Amino acid sequence: METHFWFDDSFFERPSIEVAPDLLGSQLCFWDRRGVIRKLTISETEAYHGSDDLASHASKGRTLRNSLMFGPANHWYLYICYGVHWMLNLVTGPIDQPSAVFFRGTLEVSGPGKLTKSMGVNKQFNGLMNSPVSKLWLEKPVAIPKEIQRGPRIGVDSAGPIWSKKPYRFWFSNGPTLG
DNA sequence: CATTCGATCGGG
DNA sequence: CCGATCGAATGA
């Protein structure tokens, strides 16, 4: 009988490049507007590696917005993009070594902006722990996906030729979920 | 302060 | 291809 539905903190204290593919197939859980628990199956993630990663908010050092990335792993990092869309990330790695996994899509909802909108997730979750107490949490996969694909991250051309092409996006073999 | 710029999306 | 839309970052 499997009783360990939740990940240990140590799972997220690893490099985001390891955590991002390992989260594929796991359940993104939240309470909807009516207080009903919903679970979405994560199908696409991206890894933002560290201060060296020019595509990461952390590459320019600590700021008000990105300070959570420098904190302990296993906390949500939310920020708004293009003035409209909330982007959902989970902090990974050790303290003072900023990295995160970005949630790009689930089997049910494709696209990072549509994902948070459908979940009703926004800034109010910024800095909260990945825990049922926060009403936003991850649970281990029911079935681990077999063929994981990887390729360049989306929308990071400004990171330059090296970092924009790093294969830090991961998805199921049944296809990437592009917005 | 003033200006620029997005880890996007939906509509032509 | 392009405009929406606004908080945060950057620079004067």
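All figures in this text were calculated on a predicted structure; none of them were measured in a lab. Lettering follows sequence order; numbering is per chain, from 1. Keep in mind that the numbers below use all heavy atoms, side chains included, and drop hydrogens, waters and symmetry copies.
What separates NZ of A:Lys114 from C1' of B:dG11 is a distance of 13 Å, to the nearest Å. Atom CZ of A:Arg153 and atom C1' of B:dG6 are 15 Å apart (whole Å). Atom CG in A:Leu88 sits roughly 14 Å away from atom P in B:dT8 (whole-Å rounding). Atom P of nucleotide B:dG10 and atom CG of A:Leu115 are separated by 13 Å, given to the nearest angstrom. For the pair A:Tyr77 OH and B:dA7 C1', the computed distance is 9 Å after rounding to whole Å. Between A:Trp86 atom CH2 and B:dC9 atom P the separation is 15 Å, expressed in whole Å.
When the side-chain nitrogen and oxygen atoms of A:Arg104 are compared with OP1 and OP2 of B:dT8, one or more of them lie within a distance under 4.0 Å.
Remark: ring of A:Phe102 does not overlap the six-membered base ring of B:dA7 in a stacked fashion, as centroids less than 5.5 Å apart with planes less than 30° apart are not both met.
Once rounded to the nearest 0.5 Å, the distance linking CG of A:Leu107 with CD of A:Glu44 reads 11.0 Å. Here the straight-line distance linking atom CG of A:Asn122 with atom CG of A:Leu78 works out to 7.0 Å at 0.5 Å rounding. One finds the OG atom of A:Ser67 at 8.0 Å from the CG atom of A:Asn126 (value rounded to the nearest 0.5 Å).
Checked against B:dG10, B:dG6, B:dT8, the side chain of A:Ile154 finds its nearest nucleotide in B:dT8.
Note on ring orientation: taking the six-membered ring where Trp is involved, the planes of A:His49 and A:Tyr168 are tilted (angle from 30° to 60°).
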Writing each nucleotide of DNA chain B 5' to 3' as (, ), [, ], | or . by Watson-Crick or G-U pairing under 3.5 Å yields ||||||.||||.
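Between the side chains of A:Glu139 and A:Ser26, not a single donor N or O lies within less than 3.5 Å of an accepting N or O.
Under a hydrophobic clustering in which Ile, Leu, Val, Met, Phe, Trp and Tyr are joined whenever their side-chain heavy atoms come within less than 4.5 Å, directly or via other members, A:Tyr48 and A:Trp163 fall into different clusters.
Judged as a side chain to side chain donor-acceptor pair (under 3.5 Å), and not counting sequence neighbours, A:Glu13 has no contacts. A search for salt bridge (charged side-chain N to carboxylate O under 4.0 Å, His left out) contacts involving A:Lys60 returns nothing, not counting sequence neighbours.
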In B/S/- notation (B base, S sugar-phosphate only, - none; protein heavy atoms under 4.0 Å), nucleotides 5-12 of chain C written 5' to 3' is BBSSSS--
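Contacts between residues 49-59 of chain A and DNA chain B, defined by a heavy-atom separation below 4.0 Å, involve A:Ala55, A:His57, listed by number.
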A:Arg65/A:Tyr77 under side chain to side chain contact (heavy atoms under 4.5 Å, CB included): CA gap, chis, key distance, verdict: CA-CA 9 Å; A:Arg65 178 177 65 166; A:Tyr77 168 44; 3.5 Å; yes
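Between A:Asp22 and A:Arg14, at least one side-chain N (NZ, or NE/NH1/NH2) sits under 4.0 Å from a carboxylate O, which counts as a salt bridge.
Applying the side chain to side chain donor-acceptor pair (under 3.5 Å) rule to pairs touching residues 80-97 of chain A yields A:Thr92-A:Ser99, sequence neighbours excluded.
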